[in-house]
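This report refers to the structure that appears directly beneath it.
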Amino acid sequence: MPCRTVRKRNRSRMVGAVAAAAVASLVLGACGSTKDSADPAGGGKGDGTGKVGVILPLLTSPFWQSYNDYVPKMAKSEDVDALKTVNSNSDPSQQITDINNQLNQGVEGLVVAPLDSAAIEAGLDQAERKGVPVVAVDVAPDKGKVAMVVRANNVAYGEKACEYLGKQIPSGKVVQIMGDLASVNGRDRSEAFRACVKKDFPKLKVLEIPAKWESDTAASKLDTLLNANPDIKGIYLQAGGVYLAPTLQTLKSKGMLKKAGQSGHITIVSNDGIPQEYDAIRKGEIDATVSQPADLYAKYGMYYIKAAMQGKTFQPGPTDHDSTIVKLPSGILEDQLPAPLVTKENVDDPELWGNTVE
């Protein structure tokens with residue numbers, strides 16, 4: 001966990017204040033950029049107590065089901081009083097309603113996984129007006145006030161997928177099944193994959209399927225694309241939680257699901273790190289996935305909302321939990337958590353969260 005500073009309540013005692021400042025300076029120096037500010041940032045009682053609302057984007061994906069399971073466990077470990085999670089059912093307008101409902105219930109903090117990077121601003125503005133801090137998980141808002149974004153580097157997701165496919169496939173057609181381009185995640189992964197292929201693997205031709213994180217859309221559009229392009233050599237799934245099953249089923253129905261090592265095998269890189277992807281790697285149905293840390297999203301979502309409720313702030317730079325806090329163009333801070341590439345070589349690593357799900 002990031003180091004914490006201790007606030008001295010009796011500011012009238014000069015000696016005590018000076019001593020506290022000296023100790024804080026030493027602690028913050030040791031902690032680097034995960035340092036906490038002893039100055040209130042607003043929007044909290046100062047002691048980190050109070051109810052916290054947790055709003056999910058959807059529960060139809062195994063990734064979000066796992067995150068949902070981690071939330072109460074991590075809330076307990078971080079000593080956060082989290083309410084039962086609320087599911088926005090893939091509806092950005094419902095998510096704003098969910099935020100308002102939680103605010104009306106008197107929550108002291110909110111942990112939200114935004115569905116739409118722009119639309120979420122309305123909910124963030126409501127929270128700010130009520131002095132309630134918000135931590136965004138998985139998706140960064142385009143605008144609006146949040147204490148921290150807890151997220152992995154989605155540009156790196158696209159680049160890792162590109163690099164893996166590029167090394168496996170000398171030339172030919174590859175397709176990326178994209179997420180919702182209203183989400184910064186969909187944009188980052190798509191643009192990074194596209195740019196990497198253009199720069200480093202110019203003999204690959206990228207075909208694209210905009211699927212909005214919808215499994216049915218992915219299946220129908222992939223079916224149509226394969227009819228016109230039966231010579232596809234690689235696929236990048238931007239969200240295994242919603243795209244893995246329909247992709248494998250579509251390939252199987254067309255007689256195109258060949259295991260790794262077999263003639264005609266289509267190299268597939270996914271993104272999420274769910275147990276179903278690991279099983280598919282072991283079976284040779286797909287080749288790799290980027291492990292998006294559902295456990296750490298829950299853990300640090302709880303950590304940062306408690307810190308925000310205590311009035312603590314952070315600075316850009318390396319953390320003490322193998323990540324980096326960066327300042328986004330919007331001025332928002334984002335803790336970019338590690339997200340390793342998983343292949344047949346490391347798929348059985350017990351440290352991967354997808355191998356810990358019961």
Side-chain angles (χ1 to χ4, degrees), residues 54-64 67 86-100 102 110-128 134-146 148-159 161 175-195 206-222 225 236-244 246-247 270-272 290 292 294 297 301 326 328-332 334 336 339:
V54 183
I55 298 176
L56 309 175
L58 53 103
L59 270 176
T60 54
S61 161
F63 176 84
W64 288 110
Y67 170 80
V86 177
N87 176 18
S88 297
N89 287 307
S90 301
D91 185 344
S93 62
Q94 179 61 46
Q95 190 161 71
I96 304 307
T97 300
D98 292 338
I99 290 173
N100 288 331
Q102 294 285 288
L110 281 169
V111 178
V112 181
L115 279 160
D116 186 306
S117 296
I120 196 66
E121 182 184 4
L124 299 179
D125 289 347
Q126 290 278 21
E128 184 177 9
V134 180
V135 167
V137 170
D138 182 55
V139 173
D142 292 338
K143 294 180 181 178
K145 182 178 180 180
V146 295
M148 183 69 71
V149 178
V150 177
R151 183 171 174 251
N153 185 343
N154 279 246
V155 171
Y157 289 175
E159 291 173 344
V175 57
Q176 63 165 335
I177 304 180
M178 302 185 292
D180 192 342
L181 299 182
S183 160
V184 67
N185 288 9
R187 296 195 298 268
D188 279 356
R189 297 176 201 186
S190 300
E191 292 166 4
F193 183 83
R194 197 181 298 133
V206 179
L207 305 178
E208 298 182 336
I209 295 175
K212 292 187 173 182
W213 314 124
E214 297 170 353
S215 58
D216 290 346
T217 301
S220 63
K221 290 190 175 182
L222 179 61
L225 184 143
Y236 169 37
L237 310 176
Q238 288 191 6
V242 289
Y243 297 155
L244 177 67
T247 295
S270 192
N271 200 127
D272 268 348
V290 179
Q292 185 171 218
Y297 280 5
V326 300
L328 303 178
S330 62
I332 294 171
E334 176 176 291
Q336 294 188 339

Lys143 and Ser117, any side-chain heavy atoms less than 4.5 Å apart: no

Under 3.5 Å side-chain donor-acceptor pair for Gln94 and Asp98: yes

Side-chain donor-acceptor contact under 3.5 Å, Asn89 with Asn87: yes

Val135 vs Val146 side-chain heavy atoms within contact, under 4.5 Å: no

Whether Tyr243 and Trp213 hold their rings parallel, tilted or perpendicular, with breakpoints at 30° and 60°: parallel

Close side-chain approach of Pro141 to Val149, heavy-atom, < 4.5 Å: yes

Min side-chain heavy-atom separation Leu222-Ile209 under 4.5 Å: yes

Test item: Ser270 and Val290 side chains (from C-beta on) under 4.5 Å apart, heavy atoms: no

Residues which pass side-chain contact (heavy atoms from CB on, under 4.5 Å) with Ala118, listed by chain and number, not counting sequence neighbours: Asp116, Asp142

Any side-chain heavy-atom pair of Lys221 and Pro210 under 4.5 Å: yes

Within-4.5 Å side-chain heavy-atom neighbours: Tyr236 and Arg189: yes

Check: Asp272/Gln292 side-chain N/O donor and acceptor closer than 3.5 Å: yes

Pair Arg151 + Asp188, salt bridge at N-O below 4.0 Å: yes

Partners meeting side chain to side chain donor-acceptor pair (under 3.5 Å) with Glu208 (sequence neighbours left out): Gln176, Arg194

Sub-4.5 Å side-chain heavy-atom contact between Ile99 and Ile120: yes

Test ring-ring contact (aromatic ring centres under 6.0 Å, His included) applied to Tyr157 - qualifying residues, sequence neighbours left out: none

